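Following: one structure in structure tokens, then a few remarks.
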Amino acid sequence: AFMAGSTTFNRNGSTGKVINEGTIQTSLNGYIAMLAPEVRNSGLLLAQSGTVALAAGESITLNFGPTSKLDSITVTEAQLDTLVENRYAIKAPNGLVILSARAANQLAASVINSGTIEAKGVSQQGGRILLEGTSVANTGTLDVSSDTAKAGTIQINGKNVSLSGNVIATSPTSNAEGGTVNVQATQTLNVAQANINASAQQQGGQIQLAANQINVADANLNVEGNIQCGSISIQGAGPTTAADVFGPNHP
């Protein structure tokens, strides 16, 4: 399909895997696309000002913008369990990182990050990180900070989402703003031993958490945003009230 010029890739019954244990690096504005029912990265993926996409599904389409950059992907649900996992490092300075797994109902579609995923802004606004699957878990680091400008965006979508480790959308400069962290869980969001930070010297960013139930335990949330849920459970020896965790202005 690739050699024929197509940007859509179908599973066609395959149960194969794509696994990287080395270093893959693109030229400037290039892209890396690892597509299979199971995708694992245990090495380094690097795309300067480009895109890194790890995706698992029945059919995957790469969507290119007017400048021929990979802007997004479209993933249809697979008829088997799917998995996308990063164990080491994915870096797209000034770029975009997508981890997406989709499967039909009653099947597992898991996205797991235990390593480092960066889309930092280098002398410009931070980039974007998107994680989406039925089950999404982060125990590593997600980072869209910028050294001189507004931080970028981290978007996490899933049925059940688990966050620990670091989720960073900050900017240290005096005239810049923090970025956006948006987490949407249709059922449960668990936040435990996590550092979620969208702060900046001039103006803090937005941390938006939405789920049917949010459970918070021993977490540090620097929030100037929205929490939407049916119930909130806060545990741990540290913060003990909603004001302590989410800030005094949150209802």
Side-chain angles (χ1 to χ4, degrees), residues 47-52 71-72 86 89-99 113 115-132 136-158 161-185 189-211 214 216-229 232 234 238-239 241-251:
Q48 177 73 39
S49 298
T51 301
V52 179
D71 288 342
S72 66
N86 175 54
I90 300 174
K91 298 185 178 183
N94 303 332
L96 168 65
V97 178
I98 303 172
L99 273 62
N113 176 53
T116 298
I117 300 176
E118 295 180 355
K120 292 183 177 181
V122 180
S123 301
Q124 67 181 57
Q125 182 171 328
R128 293 186 293 145
I129 295 174
L130 170 62
L131 275 56
E132 56 180 7
V136 180
N138 175 65
T139 60
T141 295
L142 307 175
D143 191 345
V144 293
S145 60
S146 174
D147 57 353
T148 60
K150 181 178 180 179
T153 299
I154 297 172
Q155 177 74 49
I156 301 173
N157 302 325
V161 177
S162 176
L163 297 181
S164 58
N166 298 302
V167 181
I168 303 168
T170 61
S171 179
T173 58
S174 59
N175 59 349
E177 301 177 16
T180 298
V181 177
N182 191 335
V183 182
Q184 304 283 332
L189 168 59
N190 293 313
V191 182
Q193 296 180 340
N195 173 36
I196 303 177
N197 194 341
S199 64
Q201 289 192 31
Q202 182 188 50
Q203 180 177 336
Q206 290 282 315
I207 298 178
Q208 301 170 325
L209 309 178
I214 299 177
V216 179
D218 298 320
N220 176 29
L221 278 68
N222 191 334
V223 175
E224 292 188 14
N226 303 311
I227 297 93
Q228 302 172 0
C229 59
I232 298 177
I234 301 173
T241 69
D244 290 333
V245 176
F246 299 118
N249 296 323
H250 190 274

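Not measured: the values here are computed from a predicted model.
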Let me confirm one number: the CG-OG1 distance from Asn175 to Thr148, rounded to the nearest 0.5 Å.
8.5 Å
Leu130, Ile117, Asn138, Ile129 screened by side chain to side chain contact (heavy atoms under 4.5 Å, CB included) with Leu99, the one that passes
Ile117
Backbone N/O of Ser164 and side chain of Thr139: donor-acceptor pair under 3.5 Å:
no
Compare every heavy atom of Ser171 with every heavy atom of Ala149, then report the nearest pair and how far apart it is.
O-OG, 2.8 Å
Mind checking what makes side-chain hydrogen bond (donor to acceptor under 3.5 Å, both in side chains) contact with Ser145, not counting sequence neighbours?
Asp143
Could you measure the distance from the CG atom of Leu96 to the OG1 atom of Thr51? Nearest 0.5 Å is fine.
4.5 Å
Side-chain contact test, heavy atoms from C-beta onward, threshold under 4.5 Å: evaluate it for Asp147 versus Val122 and give yes or no.
yes
So how far is it from Gln206 CD to Glu177 CD, rounded to the nearest 0.5 Å?
10.0 Å
Between Thr180 and Gln208, is there a side-chain heavy-atom distance shorter than 4.5 Å?
yes
Side-chain contact test, heavy atoms from C-beta onward, threshold under 4.5 Å: evaluate it for Lys120 versus Pro93 and give yes or no.
no
Suppose we screen for side-chain hydrogen bond (donor to acceptor under 3.5 Å, both in side chains). Which residues come up paired with Gln155, at least two apart in sequence or across chains?
Asn157
Taking side-chain contact (heavy atoms from CB on, under 4.5 Å) as the definition, give me every residue that meets it alongside Ile156, ordered by chain and number, with sequence neighbours left out.
Leu131, Val136, Leu142, Ile154, Val161, Leu163, Val183
Taking all atoms of both residues into account, what is the closest heavy-atom pair of Gly178 and Ala151, and its distance?
C-CB, 4.0 Å
Using side-chain hydrogen bond (donor to acceptor under 3.5 Å, both in side chains) as the criterion, list what pairs up with Asn94, not counting sequence neighbours.
none
Give a yes or no on whether the backbone of Ile168 and the side-chain of Asn166 come within a donor-acceptor separation of less than 3.5 Å.
no
With side chain to side chain contact (heavy atoms under 4.5 Å, CB included) as the test, pick out the partner of Leu209 among Val216, Asn182, Ile214.
Ile214
Applying side-chain contact (heavy atoms from CB on, under 4.5 Å), can you list everything that pairs with Asp71, at least two apart in sequence or on another chain?
Pro66, Lys69
Just jot down the side-chain hydrogen bond (donor to acceptor under 3.5 Å, both in side chains) partners of Ser72, sequence neighbours excluded, or say none.
Asn63
